[in-house]
Amino acid sequence: MDSLAAKLTTLTEQAFSALGLPVEHARVAVSGQAESAQFQCNGAMPSAKAAKKNPRQIAEEVIAKLQELDSEGVFALLSVGGPGFINITVADGFIGSHLTDLAGDQKEGVPKLAKGETVIIDYGGPNVAKAMHVGHLRSSIIGDALRRMMLATGYKAIGDVHLGDWGTPMGQIISEYELRHPEWPYFTGGDFSSFDPQITMVQLEEIYPFASKACKDDPERAEKARKATAELQNGHPGYRALWTTFVEVSIAGMKNNFDALGVHFDLWKGEGSVHHLISLMVERLKDQGFAREDDGALVIDVALEGDKKEIPPLILYKRDGAVMYGTTDLATLVDRMNENHPSKIIYVVDQRQSLHFEQVFRAARKGGIVPESVELTHAGFGTMNGPDGKPFKTRAGGVMKLEDLIGMGVEKARERLREAKLAEDMPPKEKEDVAHKVAIAAIKFADLQNNRVADYVFDLDRMTAFEGKTGPYLLYQAVRINSLLKKAAEQGMKPGTEFSLQDEERPLALLLSEMPDQIAQALKNYSPHIVCDYAYRVAQEFSSFYGNCHILSETDEVLRNSRLALCALTARHLRTLLALLGIEVPERM
RNA sequence: GAUCCCGUAGCUCAAUGGAUAGAGCAACUGCCUUCUAAGCAGUAGGUUGCAGGUUCGAGUCCUGCCGGGAUCGCCA
């Protein structure tokens, strides 16, 4: 289903084409100044030079042609503004019938942008043995939103968590266990098939930082870790078994966090799950003459002529024979091409890794692992900073755990419910559910509304705020509409199928008709904040409409039913938009 | 040093090359005896870091400078 602007563009294209003007300039957009027009077409100005005419004159001609072509009474007012803007105001009947179509649209205004092409989205990327912290928030939330948006617009979207489970930290942990428990059968060569090391997340959260620091301070200790990493990767059975147990424990912990956030993954693969593909992949790269030895390591050159900066080669094998994440990322591409045949692969990973992805992508193209026809995108995001402008740390200097952030949000939501004396009549279970949904909406919206590429400041108060441009505000508006519709139904009133528009509802109606363009724009840039911004504007426009006219007491039945229909349509749009962002609307609050 | 990103209201952020640069927070003024005030209506707040250039038109594109951040081979 097209937006109103898109429908109008087909008309201006006809006019431009009939006048011999370049059709690519015919695009109609929502007007920048709502006082003078609803829509505008700027095409007269760029066409002026080639046509050797005054842009205002061209605009006049386009307008005349539009009026000539307009057999259905689409246009209410056409005029030329400023240097040659074509200002368009459409007839209310045109908007109304558009809304009727929209109300009957199965897709709820979500555009169809694909025909089932597979796209893999790589996000989350939590590391084994580490507690998830607020730093994992952006990747998880943005990635999940993109997955939902792509799924809704017709892609076969696959989310992959891509665990960090195969690098140096693994060796650090294994060697630490070996130092502490040399008697464990993993290390003595005994039978470990029924041995339970009783590993817990709490224990891992102590062991990993301890081992990591020990390796940093002591080269000999680090050497042990390096060796353990290489042996793990080369198939040491005891190490593998121990590794498997702590990976499982870690995944259970991650799932708690992701479930609480409502972040979904289709695949729970990790760096380690593609290890079996590496040797063959590297052999091929050698045969192709791309892999070469350098200072004891095996590397592939990825520098190209005309590079503005030096792109170092990608290291396939380190001097000690272990692989790094560049190798596993490359092997993961082999795996994805084999298993999923995607048309796009999108990485939602910190912007600071852009050089790494440049290297991996180049190596993948060079080695013929991923053909040019498959899009490889690093949808990087900026760093989350504290109020001091430096990477966020808690007051104690540590990182804030994700579960702590969620816990604080939920507690604040409970408090707010008490204060506002809301939800008093709800059963405790529902009340708790509402508090949780409000907290998640707050956290997700606060994060998603920031432009993906820019760094942003993490502010706990802002993240758990419920007023203004926040997730809870959007929930509140959606719930308020539902409550209104419920009351209407109780009184036997039904939303109509026709829309009769007046000044009060016109801005909202026009805004709702932008939905497909907004979603397409957000997806084009992989920027959920565009959906956030749009959803907020819809909620705000509704709230304004709601404040301007009382609906249930409206005596004109046609008008009342039209307004109810507008409410129903708004509620549906809001729910759909929030769903694209991974935000759930409670029944009541 | 090289490369990339960022610089917009007191603060946090928006603005497919389009007209008079917009929101939220904070501040101030009103509005709950009709549908949920987590709300609505309004006031105030700007030399878009600086200087040039391209364009009919620049916060947006180009060049230079200033300021901040990131990255630049065996961590991820």
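Numbers restart at 1 for each chain; the letters A, B, ... are given by sequence-line order, proteins then strands. A quick note: this is a predicted structure, and the numbers were derived from the prediction, not measured.
Atom NE2 in A:H529 sits about 13 Å away from atom C1' in B:G22, given to the nearest Å. Rounded to an integer number of Å, the gap from A:N451 CG to B:A23 C1' is 15 Å. Distance CD (A:E514) to P (B:A15): 15 Å, rounded to an integer number of Å. Across the protein-nucleic acid pair, A:E504 atom CD and B:A41 atom P stand 13 Å apart, rounded to whole Å. Between the CD1 atom of A:I58 and the C1' atom of B:G18 there is a distance of 16 Å, given to the nearest Å. As a whole-Å value, the separation of A:D350 CG from B:C5 P is 16 Å. The nearest whole Å value for the distance from the CZ atom in A:F445 to the P atom in B:C13 is 15 Å. Taking atom CG of A:D461 as the reference point, atom P of B:C13 lies 15 Å away to the nearest angstrom.
To the nearest 0.5 Å, atoms CG (A:D433) and CD (A:E587) are separated by 10.0 Å. A distance of 4.5 Å separates CD1 of A:I141 from CG of A:D447, quoted to the nearest 0.5 Å. Distance check, rounded to the nearest 0.5 Å: CZ of A:R452 to NE2 of A:H529 gives 9.5 Å. Distance check: A:M589 CE to A:E430 CD gives 12.0 Å after rounding to the nearest 0.5 Å. To the nearest 0.5 Å, atoms CE (A:M149) and CD1 (A:I142) are separated by 11.0 Å.
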> Can you give one letter per nucleotide of nucleotides 25-38 of chain B, going 5' to 3': B for a protein heavy atom under 4.0 Å from the base, S for sugar-phosphate only, - for none?
Replying inline: S--------BBBSB
> Which nucleotides of nucleotides 69-76 of chain B have their base under 4.0 Å from a protein heavy atom (B), which only their sugar-phosphate (S), and which neither (-), written as one string 5' to 3'?
Replying inline: -SSSBBSB
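The aromatic ring of A:Y536 does not sit over the base of B:A23; the criterion of centres under 5.5 Å apart with planes under 30° is not met.
In this pair, A:Y473 and A:Y536 present their aromatic rings tilted. The plane angle is within the 30 to 60° band. Using bins of under 30°, 30° to 60° and over 60° for the plane-to-plane angle, the ring pair A:F542/A:F545 lands in the perpendicular bin.
Base pairing annotation: B:G57 forms no Watson-Crick or G-U wobble pair, as no partner gives both donor-acceptor distances under 3.5 Å. Shown here, B:A9 forms no base pair; nothing in the strands shown gives a Watson-Crick or G-U wobble contact with both key distances under 3.5 Å. Nucleotide B:U47 forms no Watson-Crick or G-U wobble pair with any nucleotide shown, as no partner meets the under 3.5 Å limit on both distances. Nucleotide B:C4 is matched to B:G69 when pairs are restricted to Watson-Crick or G-U wobble geometry with both distances under 3.5 angstrom. The base-pairing partner of B:A21, taking Watson-Crick or G-U wobble contacts with both distances under 3.5 Å, does not exist among the strands shown. B:C31 and B:G39 make up a base pair, with Watson-Crick or G-U wobble contacts both under 3.5 Å.
Considering only side-chain N and O atoms, A:S543 lies under 4.0 angstrom from the phosphate OP1 or OP2 of B:C40. At the phosphate of B:A19, neither OP1 nor OP2 sits under 4.0 Å from any side-chain N or O atom of A:S31.
No side-chain heavy atom of A:V585 sits less than 4.5 Å from a side-chain heavy atom of A:L574. Taking 4.5 Å as the limit, some side-chain heavy atom of A:S250 sits within range of a side-chain heavy atom of A:L204.
Spacing of P atoms, B:A23 relative to B:C40, comes out at 13 Å, to the nearest Å. Only the P atoms considered, B:G49 is 29 Å distant from B:G42, to the nearest whole Å. B:G7 sits 25 Å from B:A44 when the C1' atoms are compared, rounded to a whole Å. If you take atom P in B:C31 and the same atom in B:A14, they sit 36 Å apart, rounded to whole Å. Using P as the reference atom, B:C5 and B:U60 are 15 Å apart when rounded to the nearest Å. Nucleotides B:G64 and B:G57 place their C1' atoms 24 Å apart, quoted to the nearest Å. One P atom belongs to B:C28, the other to B:U34, and the distance between them is 28 Å to the nearest Å. Nucleotides B:G67 and B:G73 have their C1' atoms positioned 31 Å apart, rounded to a whole Å.
Its glycosidic angle being more than 90° from 0, B:C61 falls on the anti side.
Nucleic acid contact for A:D301: none, since no nucleic acid atom lies under 4.0 Å from a heavy atom of the residue. Residue-level contact check: A:N42 touches the bases, meaning some heavy atom is under 4.0 Å from a base atom. Backbone-only contact: A:Q540 has heavy atoms under 4.0 Å from sugar-phosphate atoms and none from a base. Among the protein residues, A:K49 comes within range of the sugar-phosphate backbone only, with heavy atoms under 4.0 Å from sugar or phosphate atoms but none that close to a base.
For A:D307 and B:A2, a side-chain-to-base donor-acceptor distance below 3.5 Å is absent, hydrogens and geometry of angles not being considered.
Salt-bridge annotation for A:E490 and A:K487: absent, with no side-chain N of the basic residue lying under 4.0 Å from a carboxylate O of the acidic one.
Using a distance-only test at 3.5 Å, with no hydrogens or angles considered, no donor-acceptor pair links the side chain of A:K227 to the main chain of A:S175.
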>> Determine whether A:E223 and A:R226 satisfy the following criterion, salt bridge (charged side-chain N to carboxylate O under 4.0 Å, His left out), listing intermediate values before the conclusion.
In response: CA-CA 5 Å; A:E223 186 51 38; A:R226 252 195 300 280; 3.1 Å; yes
